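Heads up: the structure comes next, in C-alpha cells.
Computation of the quantities below employed the complete heavy-atom set of this structure, encompassing side-chain atoms and omitting hydrogens, waters and symmetry-equivalent molecules. On a predicted model such as this, the values are computed, not experimentally measured, just so you know.
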Amino acid sequence: MDLTLSPSEEELRDEVRSWLEENHPGPEPDELDEVIAFRREWQRKLDEAGFAGISWPEEYGGRGATLIEQAVFAQEMARAEAPSPANILGLAMGGPVVIAHGTEEQKQRYLKPILTAEEIWCQGFSEPESGSDLASLKTRAVKDGNEWVVTGQKVWTTLAQYSKWCMLVARTDQDAPKHKGLTYFLMDMEQDAVQVRPLVQITGEGEFNELFIEEARIPEENVVGGVGNGWMVAITTLMNERAGLAFGAIAQIHNALNQLMELAKETRSNCALAADDSYYRQRLAQLYIEAETMRLNAYRGLTKTMETGTPGPEGSLGKWQWADLNQDITELALDIEGGYASLTRGAENAIAGGRWQYGFLRSRANSIEGGTTDILRNIIAERVLGLPKLR
Ligand SMILES: Cc1cc2nc3c(=O)[nH]c(=O)nc-3n(C[C@H](O)[C@H](O)[C@H](O)COP(=O)(O)OP(=O)(O)OC[C@H]3O[C@@H](n4cnc5c(N)ncnc54)[C@H](O)[C@@H]3O)c2cc1C
C-alpha cells in the first residue's frame, strides 16, 4: 500500500488542521453531566462544518469521505487532542447500521439527529449472563399487534442515562437456534417501562448503566434489518465499532507516548532522570516499537477493507493492540512517577493533574469494552490466521 497522501487528501488534512486550530473548544470540564453538555455543543459545531459524519453519504448529511480521508480526519482530531463528540455510539455504530440495513424512512428519521447530537444513542447488547457470548442473550420481545413488547435486563450500557435511542438486541424466537432467533430494535428510552441505573466505575464516574426493561413497547417500524436478522445486524455494529477505532487510536497512542517521554525527561528516579535510565529507556523503546506495529497493521486492515468494501476481522487486531498499549503506557507512567503515583486524580500536587492516575484506572476497561482481548484473539486465530475453530 502507498502510504503517501494524494493532493486532495493533503488538502483535507490542511482544512481539518486549520479548522481545529480555530475551533478547538479547550479543555473539558470534570463532571460527567458537564462533559456531555460540552461534547454535545462540540458535536453540533463539527456537524455544521460537515465533520460529524465524515464517512456517511452526502445525502444523509455526511461528507462521503473515503477510508483514507476518514483516517486522515481521525488522525487530525487526535493530533489536536480534540474532545470526542457526545454521540459517539450513534456516530460510530447506530448511523452506519441504519445506513447499511435501515429502510429509507428510518434513514430520514434517525440520521440527522444523530449527527447533531440532538438524540444520543446507546448500545443495549450485553446482559448479566451474556457478554462475550452475545447470542445467548435472554431479553425477550413478543409481538402484540403492531408493536413488540420487551422484557429483560441489559448491563454496562454506556451513556444510557443521556440516551433517547437504544440499539437493542432481543430474542424474538425462543425455538430457533440461538444466533437465528434474535432481532435488532431501536428502543425509545423515554418510557416508564425502561429504568436506567448508573453503575460507578473504578474511576469514580458512572459512565455506564444497568437497564431494567419491563414490558417496554417498540413499534414494528423500529425493527432494523428484518425480524430474525438481529445477529447479522449486530455483527455490522461491532465491525464498525472496531474499524472506526483504528486511526484515531493510533494518533491517541502517539500523543500519550509523547507525553510519557516528557514525563520521563522531567522526573527523577533513583537520582537520575527516568529518561537517562536504561531500564525506562528500554520500556519506552519497546512501547514505541509496538505503537509502530499497530500503525502498520491498521494500514494493512485498511487495505483489506478497501479491497472488500466492508470492515473485516482485522479490526480486532487494532483493538487488541490499542488496549494492551494503553494499559502499558499508563502503567509505565505510574512506575516513573514512583511515590507520587498514589496521589489521586484531584490532588493538587499529583503530577500533570492526575492525568496518568485517571488514565491508568480507565485503561483497565480497554481490554473488556467492545469485546474482550481473549475474544479478539479467538477471532484473529480463526478468521485472520485460519486456525482450527475451538468449537
Ligand atoms: C467501559 C465499558 C463500557 C461498555 N459499554 C457497553 C455498552 O455500551 N453496551 C453493551 O452492550 N456492552 C457494553 N460493555 C460490555 C462489554 O461488551 C462486555 O463487558 C464484554 O463483551 C465482556 O462480557 P462480560 O463482561 O459478560 O464478560 P464474560 O463474557 O462473562 O467474560 C468473562 C471472562 O471470560 C473470558 N471469556 C469469555 N468467553 C471466552 C471464550 N470463548 N474464549 C476465551 N475467553 C473467554 C473473557 O475474555 C473474560 O475475561 C461495556 C464494558 C465496559 C468495560
Side-chain angles (χ1 to χ4, degrees), residues 32-33 35-36 39 84-94 97 120-141 150-171 178 182-190 193-214 216 230-231 233-242 244-245 249 315-316 319-320 322-324 326-327 358-379:
L32 192 58
D33 285 349
V35 170
I36 299 301
R39 290 184 177 183
S84 291
N87 199 7
I88 196 82
L89 296 166
L91 289 172
M93 298 186 240
V97 164
I120 307 266
W121 284 43
C122 64
Q123 179 196 17
F125 283 21
S126 304
E127 297 185 2
E129 286 176 40
S130 299
S132 303
D133 185 13
L134 180 64
S136 68
L137 61 84
K138 295 192 183 65
T139 293
R140 282 204 316 159
V150 184
T151 299
Q153 190 187 338
K154 297 285 173 181
V155 71
W156 321 126
T157 322
T158 303
L159 300 185
Q161 69 272 51
Y162 303 102
S163 292
K164 165 71 178 163
W165 296 107
C166 177
M167 300 170 253
L168 180 103
V169 184
R171 187 161 301 285
K178 68 176 188 177
L182 303 173
T183 299
Y184 195 102
F185 295 96
L186 303 182
M187 181 175 76
D188 191 341
M189 297 287 286
E190 290 173 4
V194 181
Q195 294 296 322
V196 178
R197 283 198 212 146
L199 292 164
V200 177
Q201 286 157 258
I202 194 174
T203 53
E205 293 170 326
E207 214 183 331
F208 54 30
N209 304 268
E210 290 178 295
L211 293 192
F212 296 93
I213 309 166
E214 194 63 50
W231 180 253
V233 182
I235 293 297
T236 314
T237 308
L238 295 174
M239 296 269 208
N240 276 310
E241 182 183 19
R242 282 165 208 161
L245 197 84
S316 299
K319 161 66 178 51
W320 163 14
W322 167 76
D324 273 8
N326 223 8
Q327 290 177 350
Y358 174 80
F360 173 78
L361 295 174
R362 182 59 183 83
S363 72
R364 297 296 98 195
N366 295 163
S367 47
I368 305 171
E369 59 197 321
T372 71
T373 295
D374 301 317
I375 295 297
L376 302 178
R377 285 192 183 119
N378 286 348
I379 294 173

- Heavy-atom pair with the smallest gap, counting every atom of T139 and G152: OG1-CA, 3.6 Å
- Item | Any side-chain heavy-atom pair of I379 and W320 under 4.5 Å | no
- Residue from R140, M187, Q195, Q153 passing side chain to side chain contact (heavy atoms under 4.5 Å, CB included) with I213: M187
- Query: In terms of side-chain heavy atoms, does E129 have a donor or acceptor partner in S136 at a distance below 3.5 Å?
  - Reply: no
- Message: Name the residue from V196, L159, T158 that meets the side chain to side chain contact (heavy atoms under 4.5 Å, CB included) definition with N209.
- Response: V196
- Atom CG of N378 and atom OG1 of T373: how far apart are they, to the nearest 0.5 Å? 11.0 Å
- Task: For the residue pair Y184 and V97, establish whether any side-chain heavy-atom pair is separated by less than 4.5 Å.
- Result: yes
- Task: State the CG-CD distance between L32 and E207, to the nearest 0.5 angstrom.
- Result: 7.0 Å
- Message: Between Q161 and G206 (side chain of the first, backbone of the second, donor and acceptor by atom type, cut-off under 3.5 Å), is there such a pair?
- Response: yes
- Message: We want to know whether E369 and N366 form a side-chain donor-acceptor pair, criterion being a heavy-atom distance below 3.5 angstrom.
- Response: yes
- Answer yes or no on whether R362 is positioned over the face of F360, meaning its NZ or CZ is under 6.0 Å from the six-membered ring centre and within 45° of the axis. no
- Working for side-chain contact (heavy atoms from CB on, under 4.5 Å), residues V150 and V194: CA-CA 10 Å; V150 184; V194 181; over 6 Å; no
- Of all heavy-atom pairs between V169 and A234, which one has the smallest distance, and what is that distance? CG2-CB, 4.2 Å
- Message: Can you tell me how the ring of W121 sits relative to the ring of W165, calling it parallel under 30°, perpendicular over 60° and tilted otherwise?
- Response: tilted
- Tightest non-hydrogen contact, residues A141 and A170, listed as CB-CB, 4.1 Å
- Task: Could you tell me whether the side chain of E127 reaches within less than 4.5 Å of the side chain of K154, counting heavy atoms only?
- Result: yes
- Task: Determine yes or no for a side-chain-to-main-chain donor-acceptor pair under 3.5 angstrom, with K319 supplying the side chain and L376 the backbone.
- Result: no
- Could you grab the distance from atom CE of M93 to atom CZ of F125, nearest 0.5 Å is fine? 7.5 Å
- Message: Main chain of S363, side chain of Q327: is a donor-acceptor contact present, judged purely on distance under 3.5 Å?
- Response: yes
- Message: Working note: Q123 + T157, criterion side-chain contact (heavy atoms from CB on, under 4.5 Å); need CA distance, chi angles, decisive distance, verdict.
- Response: CA-CA 6 Å; Q123 179 196 17; T157 322; 5.7 Å; no
- Task: Report the distance from atom OH of Y162 to atom CD1 of I120, rounding to the nearest 0.5 Å.
- Result: 9.5 Å
- Task: Flag yes if more than 12 heavy atoms outside R377 fall under 6.0 Å of its CZ atom; otherwise flag no.
- Result: yes
- Hits for side-chain contact (heavy atoms from CB on, under 4.5 Å) against W231, two or more places apart or cross-chain, chain-then-number order -> L134, A135, H179, L182, I235
